Amino acid sequence: MTGRVVEIRLRAPRPYLLQLLAQPELGIRQDGSGTGAFRATAMRPGRLRLVPVQNEDDPVAPNYDPVLLRAERASLAIARFAEGQSDLVTGGTFAEWPTVKSADLRPGRLRFDPVQGLFGLAFVGQGSFTATSDVRAALAMAIDRDALADAFALPGWTTTDHVLPAQLDSAQSPALPRWGVGSITQRRADAAQRIAAWRVGMRATPILRVALPPGPGMRILFARLAHDWAAIGVRAIAVPHGDRDADLRLIDEVAPNASANWYLTALSCAAGLVCDAKGDDALEQSRMADTLGERSAFIASADAVLNDRASFIALGVPLRWSLVNPALSRWKENVMGVHPLSELRPAKAPQE
């Protein structure tokens with residue numbers, strides 16, 4: 001009947017399938033294939049020109065303009081925007097937040113997406129110090145998240161001590177760490193005892209290698225972490241984000257849908273993190289479950305295992321900021337942090 005119909009047969013119920021099929025990377029055609037709105041032309045390293053594509057079965061030409069993309073340092077991108085040399089700076093995170101915060105921008109240009117996702121530290125090392133859940137929990141409970149929020153000076157930023165932001169499609173409310181009810185003073189006292197117990201018979205102060213991206217925001221983050229861990233007898237060292245010998249590595253990812261499956265998969269054994277096979281088994285069973293009720297129960301089980309394992313230190317929700325020219329009047333904040341480049345300006349009037 002028509003070439004626009006695609007039939008997809010699933011082995012099990014898969015909620016949020018349409019959101020997965022609408023990922024931004026599908027908007028650019030690759031090597032002439034795909035159905036995206038643009039095709040990319042590489043100009044030189046760090047630059048791409050996106051050219052509108054007209055579908056063969058659509059007689060109407062695209063009514064949006066080509067786009068020039070630049071990948072560059074945040075300071076240069078912000079300066080270029082301030083001088084009117086670009087219409088959009090996007091993809092901003094905590095790493096660049098101090099830079100854009102100090103920039104002299106006109107009111108209304110700095111915009112924030114109310115995204116959800118993972119912002120925290122995943123245990124990736126196999127060293128003896130972080131081998132037990134007791135020590136991993138001690139490192140998590142020693143962090144003063146309120147002080148971290150004050151250090152970033154970002155009004156409205158939400159901190160957290162657990163993985164799932166809400167119940168989502170789990171059968172239970174998010175699994176919470178047992179230490180979460182105590183004050184920071186109580187938590188640090190408990191954490192210090194656990195570290196002291198690990199150090200029995202040892203003289204050296206335990207060292208924790210923390211892998212973070214570059215940027216002034218990451219220096220603020222590390223300073224707070226190092227301060228909090230020093231209070232319980234642990235020395236922290238900052239290393240590059242790709243360091244293979246790191247004990248902890250920052251995860252800063254926006255959830256592409258509202259399913260707990262994404263959060264738990266990102267922290268599973270398949271992701272190369274310190275993990276528990278029981279949690280991965282429950283997660284796999286949730287994907288193959290015949291009913292949504294069974295799926296939700298398995299997801300809740302996987303969340304509980306991850307919480308008991310203490311293999312991720314949740315800090316808060318991700319930060320995603322953009323600089324937006326008012327001419328891009330169709331730019332709208334959204335929980336996915338996705339902004340189709342073909343739909344940011346009002347449509348051009350058709351030519352007669």
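Counting from 1, the numbers follow the sequence of the chain as shown. Everything quoted here is computed from the prediction, not taken from an experiment. Values below: every heavy atom of this structure, side chains too, minus hydrogens, waters and symmetry copies.
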Legend entry - side-chain contact (heavy atoms from CB on, under 4.5 Å) evaluation trace for T160 with V317: CA-CA 7 Å; T160 187; V317 297; 5.9 Å; no

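- With values rounded to the nearest 0.5 angstrom, L267 atom CG is found 10.5 Å from E253 atom CD.
- Side-chain contact between Q172 and I299 is absent, with no heavy-atom pair separated by less than 4.5 Å.
- If you take CG on L319 and CZ on F94, they are separated by 4.5 Å, rounding to the nearest 0.5 Å.
- Here the side chain of D280 pairs a donor or acceptor atom with the backbone of C269 at under 3.5 angstrom.
- Between D247 and R136, none of the side-chain N atoms (NZ, or NE/NH1/NH2) sits under 4.0 Å from a carboxylate O, so this pair counts as no salt bridge.
- When side chains are defined from C-beta on, F152 counts as touching L148, because their heavy atoms get closer than 4.5 Å.
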Inset, instruction - Could you give me the CA-CA distance, side-chain angles and deciding distance for F123 and L139, then say whether side-chain contact (heavy atoms from CB on, under 4.5 Å) is met? - result: CA-CA 11 Å; F123 287 90; L139 296 171; 3.8 Å; yes

Inset, instruction - Evaluate the side-chain contact (heavy atoms from CB on, under 4.5 Å) criterion for residues N261 and S286: first the C-alpha distance (whole Å), next the side-chain angles of each, then the deciding distance (0.1 Å), finally the verdict. - result: CA-CA 8 Å; N261 184 281; S286 77; 3.9 Å; yes

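- Here CG of D144 is found 6.0 Å from CG of D228. Values are rounded to the nearest 0.5 Å.
- V115 and F312 are assigned to two separate hydrophobic clusters, defined by single-linkage of ILVMFWY side chains at heavy-atom distances under 4.5 Å.
- Exactly one of R194, R187, R188 qualifies for a salt bridge (charged side-chain N to carboxylate O under 4.0 Å, His left out) with D190. That residue is R194.
- In this pair, F38 and Y64 present their aromatic rings perpendicular. The plane angle is above 60°, beyond the 30 to 60° band.
- Put simply, the side chain of V210 reaches to within 4.5 Å of the side chain of W229, judged on heavy atoms.
- Heavy-atom minimum distance, W198 versus S128: NE1-O, 3.5 Å.
- Among all heavy-atom pairs drawn from P165 and Y263, the shortest one is CG-OH, 3.4 Å.
- Of the possible polar contacts, none joining the R309 side chain to the V274 backbone as a donor-acceptor pair under 3.5 Å is found.
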Inset, instruction - Check the pair I78, E96 against side-chain contact (heavy atoms from CB on, under 4.5 Å), reporting the backbone distance first and the verdict last. - result: CA-CA 10 Å; I78 294 168; E96 310 86 14; 5.7 Å; no

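- Residues L283 and W262 fall within the same hydrophobic cluster, defined by Ile, Leu, Val, Met, Phe, Trp and Tyr side chains chained together at heavy-atom separations under 4.5 Å.
- A donor-acceptor pair under 3.5 Å is absent between the side-chain atoms of D252 and the main chain of L250, judged by distance alone.
- With contacts defined as side-chain heavy-atom distances shorter than 4.5 Å, the pair D303/L264 qualifies.
- Under the 4.5 Å side-chain contact rule for hydrophobic residues, M218 and V100 share a cluster.
- When all heavy atoms of V89 and A77 are compared, the closest pair comes out as CG2-O, 3.6 Å.
- Here D87 contributes atom CG and R345 contributes atom CZ; the two are 4.5 Å apart, rounded to the nearest 0.5 Å.
- Residues I195 and L121 fall within the same hydrophobic cluster, defined by Ile, Leu, Val, Met, Phe, Trp and Tyr side chains chained together at heavy-atom separations under 4.5 Å.
- The shortest side-chain heavy-atom distance between I28 and L48 does not fall under the 4.5 Å cut-off.
- Considering all non-hydrogen atoms of both residues, L88 and S322 come closest at CD1-CB, 4.4 Å.
- Here the CG atom belonging to L154 is positioned 11.5 Å from the OG1 atom belonging to T159, to the nearest 0.5 angstrom.
- Looking at R145, its side chain does come within 3.5 Å of a backbone N or O of I143 through a donor-acceptor pair.
- The shortest distance between side-chain heavy atoms of V254 and D113 does not fall below 4.5 Å.
- Atom CD of Q85 has more than 12 neighbouring heavy atoms from other residues, nucleotides or ligands inside a 6.0 Å radius.
- Counting only heavy atoms from C-beta outward, the side chains of L212 and L221 approach each other to under 4.5 Å.
- Around CZ of R70, the count of heavy atoms belonging to other residues, nucleotides or ligands within 6.0 Å exceeds 12.
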Legend entry - Steps toward ring pair (Phe, Tyr, Trp, His ring centres under 6.0 Å) verdict (W157, F112): CA-CA 11 Å; W157 180 53; F112 299 92; over 10 Å; no

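- The two atoms that bring R330 and E343 nearest to each other are CB-O, 3.1 Å, heavy atoms only.
- In the hydrophobic clustering of ILVMFWY residues, with side-chain heavy atoms under 4.5 Å counting as a link, L225 and F129 come out together.
- In this structure, H227 places its NE2 atom where only 12 or fewer heavy-atom neighbours from other residues, nucleotides or ligands lie under 6.0 Å away.
- Looking at R249, its side chain never comes within 3.5 Å of a backbone N or O of A211 through a donor-acceptor pair.
- With contacts defined as side-chain heavy-atom distances shorter than 4.5 Å, the pair I207/T205 does not qualify.
- A salt bridge between R295 and D169 is present, with a side-chain N of the basic residue lying under 4.0 Å from a carboxylate O of the acidic one.
- One side chain, R287 or T265, offers a donor N or O that lies under 3.5 Å from an acceptor on the other.
- Listed for the W321 side chain is no donor-acceptor partner under 3.5 Å among the backbone atoms of G91.
- The environment of E294 atom CD is dense: over 12 non-hydrogen atoms of other residues, nucleotides or ligands sit within 6.0 angstrom.
- The structure places CG of L306 at 12.0 Å from NE2 of H162, a figure rounded to the nearest 0.5 Å.
- For the residue pair A266 and A271, the shortest heavy atom distance occurs at O-CB, 3.4 Å.
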